[in-house]
Amino acid sequence: MLPLPALLALTTTVFLGCLTEVLPAGLLLGMSEDLGVSPSATGQLVTVYAITTALTAIPLTGATLRVPRKRLLLALIFGFLATNLVIAVSSSYPLILATRVVSGALTGVMWSLVAGYAMRLAPPGLTGRALAVAMSGTPIGFALGVPAGTALGEFADWRWAFAAMALISVPLLAWVSAVVPAAPPESSRPTRPLAASRLPGMRPVLATVALFSLGHNVAYTYIGPVLAGLDAAPMPGAALLVFGCATVGGLVVVGSALDSRPRAVIVSCSAVTAAAILLMEMSDGVHGLVLAAAGLWGLGFGGAPTAFQAVTAFLAGPTADAAQSLTIAAWNGAVAGGALVGGLLLPLGTSSLPWCAAVVILAPLLFSRRVVPSEPADRCRSRR
């Protein structure tokens, strides 16, 4: 039986980290006007965050491997409290930008920590489901947290949205202290992240992570122009809402199958995501087809990050925390890369983005047999 109180505390931590990362995108115009900077400069608050997470996940995870896991988790939550509070009360764009750098560094460690923590809490045979529960904070953040935070910012003021995230951190600290069991550091002589990259099968996994994230973000970052090119300019809001809600369903499906069929999960996530992006491109702007494609996209994407983290942990065994930082760095580096590649392709025509995205996402399927063994996850891990 899963330890749900502890796992749900981790879910809330992930929700907080996800919301902290992406919420400025929903508050962009209000923040831009209030801070006296351009919308593009405000948008860099998200870009800088992702780049910082990619650059710091590996070194900071390596530096904290000897820290007891619960103590580190509490420190990260307190860090989210402090950084969101600073942003809520600051009127200085440079200070807010610097604070976002700190938040991005915290998030890189958080992703690495929570994945391994959730799987340690689970009984044998249920590690995939435990990870799915913990990581459900991400689709919930996209589906509910971002729209709610954006609405709060529009109704009151963008600062209240950041203040709300700081307030969420206070009961979360008490919750984690009360229900999450302590866990020791990875080992007395932990494996460093770069050493973990040499584990059998790890490099194909990292390539798959990077290409999936790159392809997804080539299309997702520019969903507005893509739909405008299909004569569906009013659709982005509805499409993103359907996408966000469908990600929850995708995570449920992945969580139920991950322990027994990890390779099939990875292949399915990639195939469904690519097919959905192409369906949107071929919809000719028909609203029903656009929304169907958005739902299918969310279904394929929703469980992918969890699946990648689970497979990383299955391959790494007792060195999972170190290995997770590699996955986080690959994913977040590709977020920034996807925005860059999409921006370069946009002048060639909006239709080039979905086709490029689908090809990039499907490329790893050529070596999928090297990505993860086909046997159940716990048996794979027991060999390490």
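In what follows, every heavy atom counts, from backbone to side chain, and hydrogens, waters and symmetry copies are set aside.
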Donor-acceptor check, side chain of Tyr93 to backbone of Gly36, threshold 3.5 angstrom: yes or no? no
Using the rule that Ile, Leu, Val, Met, Phe, Trp and Tyr join whenever any side-chain heavy atoms are under 4.5 Å apart, tell me whether Ile328 and Leu72 fall into a single cluster. yes
Using only atom types and a distance under 3.5 Å, with no angle test, would you say the side chain of Ser268 pairs donor to acceptor with the backbone of Val265? no
Run the numbers on Thr350 and Tyr222 for side-chain contact (heavy atoms from CB on, under 4.5 Å), then give the verdict. CA-CA 9 Å; Thr350 56; Tyr222 298 96; over 6 Å; no
Taking Ile87's backbone N and O only, do any of them form a donor-acceptor pair with Ser90's side chain (distance below 3.5 Å, no angle check)? no
Phe78, CZ atom: more than 12 neighbouring heavy atoms under 6.0 Å: no
Testing the basics here: between Phe162 and Ala88, what is the closest heavy-atom pair and its distance to 0.1 Å? CB-CB, 4.0 Å
N/O donor-acceptor pair under 3.5 Å between Thr273 side chain and Ser270 backbone: no
Looking only at heavy atoms, the pair that brings Trp175 and Ala9 closest together is CZ2-N, 3.7 Å
Are Leu16 and Trp160 connected in the hydrophobic side-chain network, where two residues link if heavy atoms are under 4.5 Å apart? no
Using atom types as modelled and distance alone, determine if a side-chain donor or acceptor of Asp34 lies under 3.5 Å from a backbone N or O of Gly30. no
Can you tell me how far the NE2 atom of His216 sits from the CD1 atom of Ile277, to the nearest 0.5 Å? 7.5 Å
Heavy-atom neighbours of Trp355 CH2 exceed 12 at 6.0 Å: no
Please step through side-chain contact (heavy atoms from CB on, under 4.5 Å) for the pair Leu10 and Val14, ending with a clear verdict. CA-CA 6 Å; Leu10 297 181; Val14 170; 5.6 Å; no
Side-chain heavy-atom pair Arg129, Leu126 within 4.5 angstrom cut-off: yes
Answer yes or no: is there a side-chain heavy-atom contact under 4.5 Å between Thr47 and Ile51? yes
Nearest-0.5 Å distance, CD1 of residue Ile77 to OG of residue Ser169: 7.5 Å
Report yes if some heavy atom in the side chain of Thr52 is under 4.5 Å from a heavy atom in the side chain of Val48; otherwise report no. yes
Are Met1 and Pro123 side-chain neighbours, meaning at least one heavy-atom pair lies under 4.5 Å? no
Main-chain N/O of Gly244 paired to Thr247 side chain as donor or acceptor, under 3.5 Å: yes
Do you know the tightest heavy-atom contact between Val180 and Ala6? CG2-O, 3.9 Å
What distance do Leu291 atom CG and Leu296 atom CG have between them, rounded to the nearest 0.5 Å? 12.5 Å
Looking at every non-hydrogen atom in both residues, tell me the closest pair between Pro354 and Val226 and how far apart they are. CG-CG1, 4.1 Å
Indicate yes or no for a side-chain donor-acceptor contact from Thr11 to the backbone of Leu7 under 3.5 Å, with no hydrogens or angles considered. yes
Is there a donor-acceptor pair under 3.5 Å between the side chain of Asp284 and the backbone N or O of Val286? no
Side-chain heavy atoms of Pro24 within contact of Thr42, under 4.5 Å: no
Leu76-Met119 co-clustered via ILVMFWY side chain contacts under 4.5 Å: yes
Supply the atom-to-atom distance Phe308 CZ to Cys269 SG, rounded to the nearest 0.5 angstrom. 6.5 Å
Could you go step by step and tell me if Phe301 and Tyr220 meet the ring pair (Phe, Tyr, Trp, His ring centres under 6.0 Å) rule? CA-CA 11 Å; Phe301 176 82; Tyr220 185 83; 7.1 Å; no
Under 3.5 Å, is there a donor-acceptor pair between the side chain of Thr64 and the main chain of Thr61? yes
When you compare the side chain of Val248 with that of Ser136, does any pair of heavy atoms fall below 4.5 Å? no
If we ignore hydrogens and angles and just use 3.5 Å, is the side chain of Arg69 paired with the main-chain N or O of Val67 as donor and acceptor? yes
Just verifying a value: how many Å separate Leu4 CG and Leu121 CG, rounded to the nearest 0.5 Å? 11.0 Å
In this structure, would Ile223 and Met282 fall into the same cluster of hydrophobic residues linked by side-chain contacts under 4.5 Å? no
Taking the side chain as C-beta and beyond, is there a heavy-atom pair between Leu172 and Thr13 under 4.5 Å? yes
Report the C-alpha separation of Leu365 and Leu362 in whole Å, then their side-chain angles, then the decisive distance to 0.1 Å, and conclude whether the side-chain contact (heavy atoms from CB on, under 4.5 Å) test is met. CA-CA 6 Å; Leu365 300 188; Leu362 290 174; 3.6 Å; yes
Close side-chain approach of Glu281 and Leu230, heavy atoms under 4.5 Å: yes
Applying the 4.5 Å side-chain criterion to the ILVMFWY set and letting contacts propagate, would Trp297 and Leu227 be lumped into a single cluster? yes
Can you see which heavy atom on Ala239 is nearest to which on Ala294, and at what distance? O-CB, 3.4 Å
Once rounded to the nearest 0.5 Å, what's the spacing between atom CG of Leu113 and atom NZ of Lys70? 12.5 Å
Under 3.5 Å, side-chain donor or acceptor atoms of residues 96-111 against the rest of the protein: list the pairs with distances, not counting sequence neighbours.
{"residue": "Thr99", "atom": "OG1", "partner": "Leu95", "partner atom": "O", "Å": "2.8"}
{"residue": "Arg100", "atom": "NE", "partner": "Leu45", "partner atom": "O", "Å": "3.0"}
{"residue": "Arg100", "atom": "NH1", "partner": "Thr20", "partner atom": "O", "Å": "2.5"}
{"residue": "Arg100", "atom": "NH2", "partner": "Thr20", "partner atom": "O", "Å": "3.4"}
{"residue": "Arg100", "atom": "NH2", "partner": "Glu21", "partner atom": "O", "Å": "2.8"}
{"residue": "Arg100", "atom": "NH2", "partner": "Leu45", "partner atom": "O", "Å": "3.2"}
{"residue": "Ser103", "atom": "OG", "partner": "Thr83", "partner atom": "OG1", "Å": "3.0"}
{"residue": "Ser103", "atom": "OG", "partner": "Thr99", "partner atom": "O", "Å": "3.3"}
{"residue": "Thr107", "atom": "OG1", "partner": "Tyr49", "partner atom": "OH", "Å": "2.3"}
{"residue": "Thr107", "atom": "OG1", "partner": "Ser103", "partner atom": "O", "Å": "3.0"}

Heavy-atom closest pair, residues Gly249 and Leu299: C-CD1, 3.8 Å
